[in-house]
Amino acid sequence: MTVIDPETQAGWVPEADEVDDEEEMPLSLRLSIADTLTLGNATCGFMAVYFTTTGILIPHLTGSQESGMARHSAATAVILMLCAAIFDLFDGLVARKLRSSPMGAELDNLSDLISFGLAPAYFVLVYGMVADDAHQRVAAVGAIVVLLAVVLRLARFSCVTVKDGTFQGMPSPFGALTVVSIVLLGLPFEATLMAILGTAWLMVSRVEYPKPRGRLAGAVLIWIVLSMGLLAAWAFDAPSGQLLLQTGCALQLVMGAVIPLFATARRVNNFRGNRREARAGQLP
């Protein structure tokens, strides 16, 4: 019903209708189930930074000699990064099965920057401050390189279209786990730094990596859970826990090196096959 104001002769509608219109949330502000998983990713990344600070950096700065606490905190930080990788794996699967909100892609990039950019870069920085043979300023440079590599990779992912089923460059979750594996492996500082820089280069390279779908997604999930078990065994000083951790970290590094080789070999074989087909087509 329209009511006429006797003084202004202007019509107005009831305020209840205006309130109903204002209370209707825009579609762009509604979170989907996939977005909730993405926010879990960001939370795990932030908590990884928290445990790295409170359990490793602060005891080192205060002169605490409790090595067990540092070991537990390091394991907890890396397990949280692994949990972030699980959230990142499932939010994409859920988004494809159900739906994602208009801001889902932006949330995913921001969460990945925290969990797979800031958290591993900060882990490298703290390693440079607490390790006996490390150089703090050089380690800081390595940490910045890791962070910038993830920033560039995520920015490129948002604006470059690649063929379906592949990533261009090492995925940031895989790169982050490779970086922390290099640190936990306990190599000499120079070798650690070179391996970290090599991983950062792979993240911004044009090497193709398969997307974790179907059986590959299941294999990735199994590997993440196994890595959590190895970290837990190391954190609680289980028998051969150190050896198990080093074995798991070494396998992570091997996969990081082997996948690009397979991808390069596949591209070379495809190129040669295309050339042979072109030559065969030119023959009379």
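The figures here come from the full heavy-atom set of this structure, side chains too, leaving out hydrogens, waters and symmetry mates.
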Calculate, to the nearest 0.5 Å, the distance between atoms OG and CG belonging to S111 and L37 respectively. 10.5 Å
CG of L197 to CD1 of I182, rounded to nearest 0.5 Å, is 9.0 Å
With clusters defined by side-chain heavy atoms of hydrophobic residues (ILVMFWY) lying less than 4.5 Å apart, directly or transitively, does V207 cluster with V150? yes
Verify same cluster id: L253, L245 (apolar side-chain graph, 4.5 Å): yes
Greater than 12 external heavy atoms within 6.0 Å of F46's CZ: no
D237 side chain reached by R71 side chain, heavy atoms, under 4.5 Å: yes
For A139 against F189, the heavy-atom pair lying closest together: N-CZ, 4.0 Å
Do we see a donor-acceptor contact under 3.5 Å between the side chains of S32 and D35? yes
Closest heavy-atom pair and its distance - G142, V124: C-CG1, 4.5 Å
Between R206 and G169, is there a donor-acceptor pair closer than 3.5 Å when you use the side chain of the first and the backbone of the second? no
Residue M255 excluded, over 12 heavy atoms near CE under 6.0 Å: yes
Distance from D112 atom CG to L118 atom CG, nearest 0.5 Å? 12.5 Å
Looking at CG of L243 and CG of L230, how far apart are the two atoms once the value is rounded to the nearest 0.5 Å? 10.0 Å
Indicate the atoms forming the closest heavy-atom contact of L147 with G117, along with that distance. CD1-C, 3.7 Å
Neighbour count above 12 (heavy atom, 6.0 Å) for L148 CG: yes
Between M203 and R153 the two heavy atoms that sit nearest each other are O-CD, 3.5 Å
For C44 and C83 the tightest heavy-atom approach is SG-CB, 3.8 Å
Between M228 and I86, is any pair of side-chain heavy atoms under 4.5 Å apart? yes
Cluster check L80, V225: I/L/V/M/F/W/Y, side chain < 4.5 angstrom: no
Please tell me if the side chains of F123 and V183 come closer than 4.5 Å, counting only heavy atoms from C-beta onward. yes
Is the closest side-chain heavy-atom distance between T52 and L57 below 4.5 Å? no
For the student: nearest non-hydrogen atoms of V179 and T199, plus distance: CG2-CG2, 3.9 Å
Please tell me if the side chains of L154 and L113 come closer than 4.5 Å, counting only heavy atoms from C-beta onward. yes
Going only through I, L, V, M, F, W and Y residues with side-chain contacts under 4.5 Å, is there a path from V146 to L185? yes
Looking only at the side chains, is there a donor atom on one of D91 and N41 sitting less than 3.5 Å from an acceptor on the other? no
How about H60 and I56: do any of their side-chain heavy atoms sit closer than 4.5 Å? no
Test L231 against every option in T76, L244, I79 by the side-chain contact (heavy atoms from CB on, under 4.5 Å) rule and name the one that passes. I79
Flag side-chain contact, heavy atom, 4.5 Å: T53 against Y122: yes
Enter the distance from F236:CZ to H72:NE2 here, rounded to the nearest 0.5 Å. 5.5 Å
Test side chain to side chain contact (heavy atoms under 4.5 Å, CB included) on T38 and F87 and set out the steps. CA-CA 6 Å; T38 303; F87 280 119; over 6 Å; no
Sorted by first residue and then second, give each side chain to side chain donor-acceptor pair (under 3.5 Å) pair with at least one member in residues 238-257; sequence neighbours left out. T178-Q252, W223-Q252, W234-Q242
With a 4.5 Å heavy-atom cut-off, do E208 and Q168 have their side chains touching? no
Please tell me whether L89 and L82 are part of a single hydrophobic cluster in this structure, the criterion being side-chain heavy atoms less than 4.5 Å apart. yes
State the OG-CG distance between S115 and L110, to the nearest 0.5 angstrom. 11.0 Å
